[in-house]
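Below you'll find the structure, written out as structure tokens, and then a few comments.
Quick caveat: nothing in here was measured; it's all calculated off a predicted structure.
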Amino acid sequence: MDQRFRKHEHLKSRKLIQELFKHGKPIKAFPLLAVYLPVEDAPAMQVGFSVSKRKVKLAVNRNTVKRRIKEAYRLHRNEYGLHEKKGMVVMFVYIQNGLSDYHQIEKSMKKLLPQLAEFNNPVEDNQA
């Protein structure tokens with residue numbers, strides 16, 4: 001199974017990001033917050049990662065945390081079929097002050113992904 005995090009899965013559109021934070025719904029699993037929004041014209045499930053400068057001061061550490069979040073997402077998204085989903089935009093926001101280890105981030109990601117998969121399925125369930 002392909003576990004790569006492809007370019008078309010990256011959330012880069014400023015317009016979509018603004019819409020996401022304006023109308024999106026949050027799910028919290030410390031130290032992560034996932035803000036999601038169903039979008040009709042998204043070609044794939046697009047995902048972004050954010051670590052605030054207020055929470056993690058050094059850029060090296062912010063990049064480390066982002067790398068850990070991306071890796072946890074990449075490894076566990078296949079378990080819930082999120083790599084095949086379309087029409088959803090998600091931003092994972094790191095909300096803890098300072099660094100946290102990979103295992104804590106992975107545990108949080110494992111709590112968030114089934115909830116995101118559940119929110120993405122009702123459209124398909126209602127049509128059947």
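- Considering CG of N97 and CZ of R54, their distance stands at 11.0 Å, rounded to 0.5 Å.
- Under a hydrophobic clustering in which Ile, Leu, Val, Met, Phe, Trp and Tyr are joined whenever their side-chain heavy atoms come within less than 4.5 Å, directly or via other members, V39 and F49 fall into different clusters.
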Report task. May I have the step-by-step check of side-chain contact (heavy atoms from CB on, under 4.5 Å) for K55 and V65, ending in yes or no? Result -> CA-CA 11 Å; K55 301 289 182 182; V65 171; over 6 Å; no
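- For the residue pair E106 / H76, a side-chain donor-acceptor distance below 3.5 Å is found, with atom types taken as modelled.
- Interatomic distance, CD of Q46 versus OG of S13, reported as 7.5 Å (0.5 Å rounding).
- Between atom CG of residue N63 and atom CZ of residue R68 there is a gap of 12.0 Å, rounded to the nearest 0.5 Å.
- With contacts defined as side-chain heavy-atom distances shorter than 4.5 Å, the pair Y94/K66 does not qualify.
- Minimum heavy-atom separation, M91 to L20: CB-CD2, 3.4 Å.
- The nearest pair of heavy atoms linking I105 to P31 is CG1-CG, 4.4 Å.
- Residues I27 and Y80 share a single hydrophobic cluster, defined by chaining ILVMFWY side chains whose heavy atoms lie under 4.5 Å apart.
- Using a distance-only test at 3.5 Å, with no hydrogens or angles considered, a donor-acceptor pair links the side chain of E9 to the main chain of R6.
- In this structure, V47 and L11 have side chains that are not in contact, with every pair of non-hydrogen atoms separated by 4.5 Å or more.
- A donor-acceptor pair is defined here as one N or O able to donate and one able to accept, closer than 3.5 Å; no such pair exists between the side chain of R62 and the backbone of S52.
- For the residue pair P26 and L33, the shortest heavy atom distance occurs at CB-CD1, 3.8 Å.
- Side-chain contact between V35 and V90 is absent, with no heavy-atom pair separated by less than 4.5 Å.
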Requested in this report: Start with the C-alpha distance between Q104 and F30, add both sets of side-chain angles, then the distance that settles side-chain contact (heavy atoms from CB on, under 4.5 Å), and finish with yes or no.
Outcome: CA-CA 9 Å; Q104 186 178 12; F30 192 79; 4.2 Å; yes
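- A single hydrophobic cluster is not seen to contain both M109 and V93; linkage of ILVMFWY side chains at heavy-atom distances under 4.5 Å, directly or through other members, places them apart.
- No option in I95, L32, I69, L113 other than L32 meets the side-chain contact (heavy atoms from CB on, under 4.5 Å) test with S108.
- Not one N or O on the side chain of R74 forms a donor-acceptor pair closer than 3.5 Å with the backbone of R4.
- More than 12 non-hydrogen atoms from other residues, nucleotides or ligands lie less than 6.0 angstrom from NZ of K12.
- Residues Q96 and S100 approach most closely at OE1-CB, 3.5 Å, considering heavy atoms.
- Scanning both residues, L37 and H23, for their nearest heavy atoms gives CD1-O, 3.7 Å.
- Hydrophobic clustering keeps F92 apart from I17 (ILVMFWY residues linked when any side-chain heavy atoms are closer than 4.5 Å, directly or through intermediates).
- Distance alone, capped at 3.5 Å, is enough to place a donor-acceptor pair between the T64 side chain and the V60 backbone.
- No path of Ile, Leu, Val, Met, Phe, Trp and Tyr side chains, each step under 4.5 Å between heavy atoms, connects L112 with Y102, placing them in separate hydrophobic clusters.
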